[in-house]
Amino acid sequence: MESIEKKLREEAKLLLAEKRVDVIVGFEKGTLPLVATPCFIENPDDAEKLVWNACCTQNLAKFVHDVLSQHRASQVRVKPEDRKKKVVGVVGRGCATRSIVLHLQEKQYDRDDVVIIGVPCTGYIDYKKLSGKLGGEEVLDGAAEGDQIKVKTASGEKAIALKDVLAASCLTCRFNNPVISDMMIGDPAPPMDPDHEYDDVNAVEAMSVEERWAFFEKEMDKCIRCYACRQTCPSCYCKTCFVEQSQPRWVGVGEDETDTQVFQIMRMYHMVGRCVDCGSCSSVCPMGVDLRKFLKKLDKDVFELFGNRPGSSLDDQPPLSAYTENDKENFIFNP
Amino acid sequence: MEKRSIKKDALAGIIKKVAGDMLVYAPVKEEDGVFFRALGAGMEPQTTYANTKNAPKNIFFPHTEKMMKYTRTDKGMEFVENGDPAKDAVLFGSRPCDAKSFTLLDLLFDQEKYKDPFYCDKREKTIVVTQACVHPPYSTCFCTSVDGSPTSEAGSDVMLTDMGDSYLVEFFTPKGEKLLKYFGDAKPDAAAEAKKKEIAETAAAEIVSHIPAKEIKPILDVNFEHPFWNTIHQRCLACGTCTFLCPTCHCFDISDEVKYDDGIRVRNWDSCMFPMFTQETSGHNPRPSQKERWRQRTMHKFKYYIDMFGAISCVGCGRCVMYCPVNIDIRKIVTDISKL
């Protein structure tokens, strides 16, 4: 990991110094132990701040979209001949590059607007799992070193195997190496365990209708409508989300629990064929809502119905933008 | 001031006994977190916990609250007040920082000229029983930087202090003394006062996070337009986690939920982090980006609240620091501002 970080910093510095990119979106060390935070580097000398380890949780494609759409908005009132181009460099692992592929397929920006510094990924920490492993004790100091996490708490120092605290999406990740990149840092990461990627979904599918509904209600009951899930999702880039439209108002903001359920269901339905299973929504949720199981079910359906894994290849036609006479339609009559 | 001493293992029983007589809110463990909940049958109140994930403000200022109902009839509109007065209640186990947040919320909701009936009704009828932080629960706690302390009495009616083998129970207010009957007759021994003082000093000394919260007011006064404001927000997701978990954030939005002829006017928590918060009907937004929203949040806590009410609107609980999904740290922001 250290050598990857070193090469990453060198590469980022070079890209900025040669002005091939205007900004690099990556991760830097956070203010809390064992935490990394997204950063935006414009000065070549600041490339030293970049880190790459198991604390890097977010899908950075969200920020690529943010920066490029903000830039485009800033150019609207500029004469066409005076408009400037902005190129964003991004530290991209598998899931982030899949989201970038989706953005490109959905014509959100052009391929030459983004320079992808591909990095191999061995997964990121699920902090709820880590907290469980530590019996709820606060992390006072820590470091992610290879396949181990060293943690210091009030009761002493511990070494925890990374695989025991990896996020659920990482454990069964099929694309832990970039699907597209302009340069690749380090050797490709060894495969995770994609053969079991639908185990969680299968377990939910095996439940009775009543049990499934109870599971859904229990999870939705935790939601405080802070919208962190939507905000961190690279696929949720609508300028105005349907929950915020007021004419007509689709969803109430009051105490009715069905409003929360409708928000979540509608958001998930907008993810059909567009979710790359990066797990960001689950990782940012302050209340621990298990969103991933629902989204992974959609992922499974899209794969079984259309043979498509969203964002896995630039050449794919996104399933909901395509039509063939052979499209399955039995789900309409026999859901 | 009345004082009592109780055995440590008696506390959970006392909480449950009170819960038999009136509404009790207490910290309850749910999956991986501890939350304040109305204590129902079979629910186990926590007596040893760091702090709750949610701030207790929702007891006085619920996430969503009915203000009135109305019906359209042939004779015109009929309005009905929200007819549910608050019940007598006890909030058990708030931490001193959270208890202090009530005194800050009082400044806004319970002014001489403007009184918020919904807030005041619940606040007046609720006894706040605080558990002093003998050891500050997190390294992110910074209450001593914002006029608080791990054993601060502000906002508490009753305070429990863990003395090792027993709890010292102090009744600060007549309201708190209504609970005297539940705490037995055992008075603390003569050494208790000195021991409590010692605990208070050790606890305050154990706080490791210190920020120049009071020092930045004059800097904020003159730096509304400063390039510094460009440096915080780009990573911000614009979610409401920090404001919804904050004990002192109190912004709300009033809306009508209408179905056919019946309507309910509700008020819901709102957040200065949301673009919709300042969106005008015309489509214009005076705070067009997260930059302006972050400036507002910082200014509101460390400048505007002082201008209006003479107090910093932050109690140093550290929830926003711990739960921000992208690690935007108010401690760092305040420290950086102090260096401008």
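All values below were derived from every heavy atom in this structure, side-chain atoms included, with hydrogens, water molecules and symmetry-related copies excluded. Letters A, B, ... are given to chains in the order of the sequence lines, protein chains preceding strands, and every chain is numbered from 1.
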_Toward chain B, the part of A:Thr31 with a non-hydrogen atom under 4.5 Å_ = both
*Identify the residues of residues 270-280 of chain B whose heavy atoms come closer than 4.5 Å to a heavy atom of chain A, ordered by number, or report 'none'.*
B:Phe274, B:Met276
*Between A:Cys278, A:Ser169, A:Cys170, which is the residue that forms a side chain to side chain contact (heavy atoms under 4.5 Å, CB included) with A:Cys95?*
A:Cys278
*asked:* Taking side chain as everything from C-beta outward and backbone as N, CA, C, O, which of these in B:Thr231 sits under 4.5 Å from a heavy atom of chain A? Side chain, backbone, both or neither.
replied: neither
*Contacting region of B:Val321 [heavy-atom separation from chain A under 4.5 Å]*: both
*Residue A:Glu28 versus chain B: region with a heavy atom under 4.5 Å*: side chain
*Proximity breakdown for B:Tyr138 and chain A, heavy-atom pairs closer than 4.5 Å*: both
_Is B:Pro62 close to chain A through its backbone or its side chain, or both, or neither, when contacts mean heavy atoms under 4.5 Å?_
neither
*Please state whether the side chain, the backbone, both or neither of B:Asn58 comes within less than 4.5 Å of a heavy atom of chain A.*
neither
_For residues 57-70 of chain A, which residue pairs pass the salt bridge (Lys or Arg N to Asp or Glu O under 4.0 Å) check, not counting sequence neighbours?_
A:Lys62-A:Asp66
_What part of A:Ile224 gets within 4.5 angstrom of chain B, counting heavy atoms only: side chain, backbone, both, or neither?_
both
*Where does B:Arg267 contact chain A at under 4.5 Å (heavy atoms): side chain, backbone, both or neither?*
neither
